Visitor: 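Sending over a structure as structure tokens; questions will come in a sec.
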Amino acid sequence: MSGIEGKVVAITGASSGIGEATARLLAQRGARVLLGARRIGRLNALANEILEAGGSARYQALDVTRRASMQSFIDEATEAFGRVDVIVNNAGVMPRSALEEGEVDEGDRTLDVNVRGVLHGIAAGLPRMRAQGSGQFIYCASKFAVHAISERLRQEAGGDIRVTVISPGATESPTAIARSIAFAIEQPEDVDTSEIIVRPTASPH
Ligand SMILES: NC(=O)c1ccc[n+]([C@@H]2O[C@H](COP(=O)([O-])OP(=O)(O)OC[C@H]3O[C@@H](n4cnc5c(N)ncnc54)[C@H](OP(=O)(O)O)[C@@H]3O)[C@@H](O)[C@H]2O)c1
């Protein structure tokens with residue numbers, strides 16, 4: 001299956017920002033989206049908006065720091081839509097200079113969400129994608145650890161599974177990042193876009 005139309009896309013952190021904009025854009029382009037985050041009221045509102053616009057969406061409460069929660073999220077994609085073509089691992093928190101301030105707890109929380117959450121996504125999604133013979137992981141992150149994990153995943157996952165890292169510069173336009181994610185998905189199956197770096201320009205809108 002190529003392009004975006006009909007693909008099943010599971011999006012973590014879909015309750016705001018980049019994840020929300022990505023869900024909206026991909027649903028407009030015909031993807032069947034599964035929305036995950038902790039604030040389910042926001043997911044409910046977004047899923048209703050997509051359904052009212054004629055799209056296909058479901059949502060489920062998700063805490064990426066809990067492996068069982070991520071597994072159940074990916075299971076829901078398969079139960080509801082029959083497969084999972086793309087996992088957009090977007091859930092994340094911005095670290096607040098944890099090292100400088102010696103805030104070990106803050107560093108722990110950041111690692112839990114931004115790194116362990118990514119590993120949970122791979123653990124839940126990779127067996128499904130291998131069984132299907134295709135799939136794509138997309139990371140929305142600027143963190144070094146996530147680059148290292150995704151490179152290893154690319155080498156070990158097998159030739160049919162695509163891995164893309166989107167590196168957003170500090171941007172106020174989640175829509176710009178959403179378009180980059182759509183670009184990576186819509187490439188033909190034999191094109192694996194490994195990295196997209198999005199930088200804001202100095203020019204006004
Ligand atoms: N915007 C930028 O300029 C920029 C730059 C570099 C990197 N990034 C990265 O891009 C990603 C999205 O950024 P954003 O600007 O869209 O941020 P955002 O608006 O704060 O969105 C973060 C999303 O992650 C979810 N999330 C946080 N902890 C979670 C958890 N434990 N389980 C499940 N979901 C969780 C939040 O949902 P709930 O709170 O409802 O769970 C929210 O939907 C993040 O990884 C961020 O670090 C962004």
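Both counts, for ligands and for their atoms, begin at 1 and track the order of listing. All values derive from a computational prediction rather than experimental measurement.
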Visitor: Considering non-hydrogen atoms only, spot the tightest contact between Arg42 and Ser16 and give its length.
Guide: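 Nearest pair, atom of Arg42 first, then Ser16: NH2-CB, 3.9 Å.
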Visitor: For Gly6 and Arg32, work out which heavy atoms get closest and say how close.
Guide: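 Closest pair (atom of Gly6, atom of Arg32, distance): O-NH2, 2.9 Å.
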Visitor: Regarding ligand 1, does Thr65 bring an N or O atom to under 3.5 Å of one of the ligand's N or O atoms?
Guide: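 Between Thr65 and ligand 1, no N or O pair is found under 3.5 Å apart.
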Visitor: Under 4.0 Å from a heavy atom of Gly17: give me the atoms of ligand 1 that qualify, with their elements.
Guide: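 Answer, ordered by atom number: 16 (O), 19 (O).
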Visitor: Side-chain heavy atoms under 4.5 angstrom apart, residues restricted to Ile, Leu, Val, Met, Phe, Trp, Tyr: same cluster for Val64 and Val93?
Guide: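 Hydrophobic grouping puts Val64 with Val93.
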Visitor: Supply the atom-to-atom distance Thr193 OG1 to Gln187 CD, rounded to the nearest 0.5 angstrom.
Guide: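 Separation between the atoms: 5.0 Å.
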Visitor: Suppose I only count heavy atoms of Asp63 and a 4.0 Å limit; which atoms of ligand 1 are within that range?
Guide: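 By the 4.0 Å cutoff, the relevant atoms are 30 (C), 31 (N), 32 (N).
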Visitor: Report the part of Ile177 (side chain from C-beta onward, or backbone N, CA, C, O) that has a heavy atom under 4.0 Å from ligand 1; answer both or neither where that applies.
Guide: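 No part of Ile177 comes within reach of ligand 1.
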Visitor: Compute the minimum heavy-atom distance from Cys140 to ligand 1 and say whether it is under 4.0 Å.
Guide: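 For ligand 1, residue contact (heavy atoms, under 4.0 Å) with Cys140 is present.
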Visitor: Going by the order shown, which atoms of ligand 1 are within less than 4.0 Å of some heavy atom of Val113?
Guide: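 So the answer, numbered in order with elements, is 28 (N), 31 (N).
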Visitor: Do Gly13 and ligand 1 have an N or O pair less than 3.5 Å apart?
Guide: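 Such a contact does occur with ligand 1.
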Visitor: For atom 43 (O) of ligand 1, which of the options Ser173, Ser15, Ala176 provides the nearest non-hydrogen atom?
Guide: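 Among Ser173, Ser15, Ala176, the closest heavy atom to atom 43 (O) of ligand 1 belongs to Ser15.
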Visitor: List the steps, then state whether side chain to side chain contact (heavy atoms under 4.5 Å, CB included) holds for Ile161 with Leu153.
Guide: CA-CA 9 Å; Ile161 296 179; Leu153 177 62; 5.9 Å; no
Visitor: Looking only at non-hydrogen atoms, find the nearest pair between Asn89 and Met70 and report the distance.
Guide: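 Between these two residues, the closest heavy atoms are OD1-CE, 4.1 Å.
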Visitor: Looking at every heavy atom in both Ala184 and Ile196, which two are closest together, and how far apart are they?
Guide: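 Closest approach of Ala184 to Ile196: CB-CD1, 4.4 Å.
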Visitor: Could you check whether atom CZ of Arg152 has more than 12 heavy atoms from other residues, nucleotides or ligands sitting under 6.0 Å from it?
Guide: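 Not buried by this count: 12 neighbours or fewer within 6.0 Å.
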Visitor: Among Ala178, Ala21, Ala14, Ala91, which residue places a heavy atom closest to atom 35 (C) of ligand 1?
Guide: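 Among Ala178, Ala21, Ala14, Ala91, the closest heavy atom to atom 35 (C) of ligand 1 belongs to Ala91.
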Visitor: Does Arg38 reach ligand 1 with a nitrogen or oxygen that is under 3.5 Å from one of the ligand's nitrogen or oxygen atoms?
Guide: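 Yes - when backbone and side-chain N and O of Arg38 are compared with those of ligand 1, one distance drops under 3.5 Å.
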Visitor: Under a 4.0 angstrom heavy-atom cut-off, which atoms of ligand 1 come close to Ser16?
Guide: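 Contacts of ligand 1 toward Ser16, numbered from 1: 18 (P), 19 (O), 21 (O), 42 (C), 43 (O).
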Visitor: If you count the atoms of ligand 1 from 1 in the order shown, which ones are under 4.0 Å from a heavy atom of Leu62?
Guide: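 The atoms of ligand 1 under 4.0 Å from a heavy atom of Leu62 are 32 (N), 33 (C).
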Visitor: Closest by any non-hydrogen atom to atom 14 (P) of ligand 1: pick that one out of Leu43, Thr110, Thr22, Ile18.
Guide: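 Result: the heavy atom closest to atom 14 (P) of ligand 1 is in Ile18.
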Visitor: Could you list the atoms of ligand 1 found under 4.0 angstrom from a heavy atom of Asn90?
Guide: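 This gives 11 (C), 12 (C), 44 (C), 45 (O) as the contact atoms.
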Visitor: Locate the shortest heavy-atom distance separating Val191 from Arg162; write the atom from each residue and the value.
Guide: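 Heavy-atom minimum between the residues: O-NH1, 2.9 Å.
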Visitor: Give yes or no for whether the N/O distance cutoff of 3.5 Å, strictly under, is met between Pro168 and ligand 1.
Guide: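 Min N/O separation from ligand 1 is not below 3.5 Å for Pro168.
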Visitor: May I ask you to check whether over 12 heavy atoms, not counting those of Arg128, lie within 6.0 Å of atom CZ?
Guide: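 Count over threshold, so yes.
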